[in-house]
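Only this structure's heavy atoms are used, side chains among them; waters, hydrogens and symmetry mates stay out. In this text, all values refer to a predicted model and were calculated from it rather than measured experimentally.
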2 protein chains.
Amino acid sequence: MQLSEITSLTLSDRIFEQLQTAIVKGEIPTGSKISEPELAKAYGVSRGTLREALSRLEERHLVVRSPNHGARVITLSYEELIDIYQVREALGGMACGLAAERMSDAEIADLKRLLDDHERSIREDEGLSYYQQEGELDFHYRILKGSRNRKILGVLEGGLYQLMRMYRYQFSTSSPRPLQALKEHRRIVEALEERDAELADLLMRRHIRSARKSIEERHRKSREQEE
Amino acid sequence: MQLSEITSLTLSDRIFEQLQTAIVKGEIPTGSKISEPELAKAYGVSRGTLREALSRLEERHLVVRSPNHGARVITLSYEELIDIYQVREALGGMACGLAAERMSDAEIADLKRLLDDHERSIREDEGLSYYQQEGELDFHYRILKGSRNRKILGVLEGGLYQLMRMYRYQFSTSSPRPLQALKEHRRIVEALEERDAELADLLMRRHIRSARKSIEERHRKSREQEE
DNA sequence: CCTGCTGATTATGTCGACACATTTTGTGTA
DNA sequence: TACACAAAATGTGTCGACATAATCAGCAGG
């Protein structure tokens, strides 16, 4: 009958979420070995419950498990981050093109207001606040929802976005170009308003690509400094 | 020291795989409720082991679980299939563009030979064989690997491809245009040989898009017949 | 005949325990 | 001192059992 939208989460669900945020925030360090008895005691649950959560974490590629050797938190690599940005470029572009055809006028207007908030936040905090970073994700998230394609959102939410957050926490690899990004966001919204799917696709791809390029640039420089 | 590449799978892993293929092949029908004690007895494992597998299946969106109500196999919908093809279009195109820059000459030559096999298979079996369908997947799979982007492959393997296989088994919605598809494959390989990333991207997107269009066409017709 | 309550049955969520594999510790020998 | 081997300790894989929530059957009342 599905009356209650109050989804009473199961204990294993909560452990899964707690572990996920703990890993993403780096509270459980990358590459560290996970001891099941230890973690189970720390979270006050049985090993069975914990193992169920670990299985899901493994499926999300946040932990790696090898039989009889136990589980480890994944280790991040620069190459993987670039890979993720390429996936975002492809899917974000596709979603944005669809959104241009499918978003309601009200949703687009909301998006515009969101950008106004961002602009204010950037001016006040000089664009360094954590809020601004999550705001960037919020912008993309709304467009993904606007695409009306559940799979795109599902793919990005099912692992990829958590990984990006993880990189941000660990390497503070946030976009160092908030004003430029804002300008690009505004152009994207313009394309949405004009219902220009092709342009929206192109602008979104370019937007994500330049974010990636800026990361590549930074990485190149830090490599040079090392030598 | 990780000597053995002989990954001795854990029992839960095998149950997971068995269940996955059983669901994909329709041996466990879509939408059916899953009784944990029943399934556990059928596969000869304990409920804990089975639940671990179910958790992973849930993470792959092959089963849906609601707390205290149990698990159900997902139900397929036409809209979802279209969504999946859009994801494939975006990611397949991106992968193909990358593959044009990154595949080795040997890999491309192999790909060409694969197409020769396909052509022979089509002529012999009149393009209706099951092998041919899996061959189509093989073609795409190789290009995904050729992109050297693990994430793209991971996203498609982690749920989407199983879903597509599922649709094929259930609705036998295979491409009814094998010769046309082969021609498109050949053009894609040509673009790879010429290391033309832009063209390879474009051709792959168009290839997947026309596969989607042909499904949409068929769906439209069958809807008309119903009325 | 249908609706609503109550008890019985089944299923799910969670836990503790055992068997086996792995890692670590400790000891003796070259 | 370094190495090899054995034994203890720890950890993982798997199972069975209990408590609670959901489902079903049967019965009373409208």
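- Regarding R65(A), its CZ atom lies at a distance of 16 Å from the P atom of dT22(C), rounded to whole Å.
- Side-chain N/O atoms of Q20(B) and R60(B) include a donor and acceptor closer than 3.5 Å.
- Taking atom CD of E52(B) as the reference point, atom P of dG13(C) lies 15 Å away to the nearest angstrom.
- Map T49(B) and K33(B) each onto its nearest nucleotide of DNA chain D; the residue landing nearer the 5' end is T49(B).
- For E38(B) and dT10(C), the CD to P distance is 13 Å, given to the nearest whole Å.
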What's the verdict on side chain to side chain donor-acceptor pair (under 3.5 Å) for E217(B) and S214(B), showing C-alpha distance, side-chain angles and the deciding distance? CA-CA 5 Å; E217(B) 184 72 10; S214(B) 115; over 6 Å; no
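- Side-chain polar atoms of Q86(A) and R209(A) form no donor-acceptor pair below 3.5 angstrom.
- At a cut-off of 3.5 Å, with distance as the only test, a side-chain donor of H185(B) or H207(B) sits close to an acceptor on the other residue.
- To the nearest angstrom, P of dG13(C) lies 15 Å from CD1 of I15(A).
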Salt bridge (charged side-chain N to carboxylate O under 4.0 Å, His left out) between E224(A) and K221(A), worked out: CA-CA 5 Å; E224(A) 279 173 6; K221(A) 279 184 186 167; over 6 Å; no
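- For the pair S46(A) and N68(A), nearest-nucleotide mapping onto DNA chain C gives the more 5' position to S46(A).
- Between the C1' atom of dT14(C) and the CG atom of L50(A) lies a distance of 13 Å, rounded to the nearest Å.
- Along DNA chain C, the nucleotide nearest I34(B) and the nucleotide nearest G48(B) are compared for position; the residue whose nucleotide lies closer to the 5' end is I34(B).
- Separating the CZ atom of R47(A) from the P atom of dA17(C) is a distance of 12 Å, rounded to the nearest angstrom.
- For the helix from dC1(C)-dG30(D) to dA30(C)-dT1(D), the rotation axes defined at the first and last 5 base pairs enclose an angle of 10°, given to the nearest 10°.
- Here the CD atom belonging to Q162(B) is positioned 13.5 Å from the OH atom belonging to Y167(B), to the nearest 0.5 angstrom.
- Of the side-chain N and O atoms in R51(B), one or more sit less than 4.0 angstrom from OP1 or OP2 of dG13(C).
- Defined by atom type and a distance below 3.5 Å, a donor-acceptor pair is missing between the side-chain atoms of E52(B) and S55(B).
- Checking dA11(C), dT14(C), dT22(C) against every side-chain atom of H69(A), the shortest atom distance belongs to dT22(C).
- Of the inter-residue distances, the one linking I188(B) atom CD1 with H140(B) atom NE2 reads 6.5 Å to the nearest 0.5 angstrom.
- In this structure, F16(A) atom CZ and dG13(C) atom P are separated by 16 Å, rounded to whole Å.
- For the pair A90(B) and L91(A), the tightest heavy-atom approach, listed with the atom from each and the gap, is CB-CD2, 4.0 Å.
- Between chain A and DNA chain D, the heavy-atom contact criterion of under 4.0 Å yields a 5' to 3' nucleotide range of dG11(D) to dT14(D).
- The nearest whole Å value for the distance from the CG atom in L11(A) to the C1' atom in dG13(C) is 9 Å.
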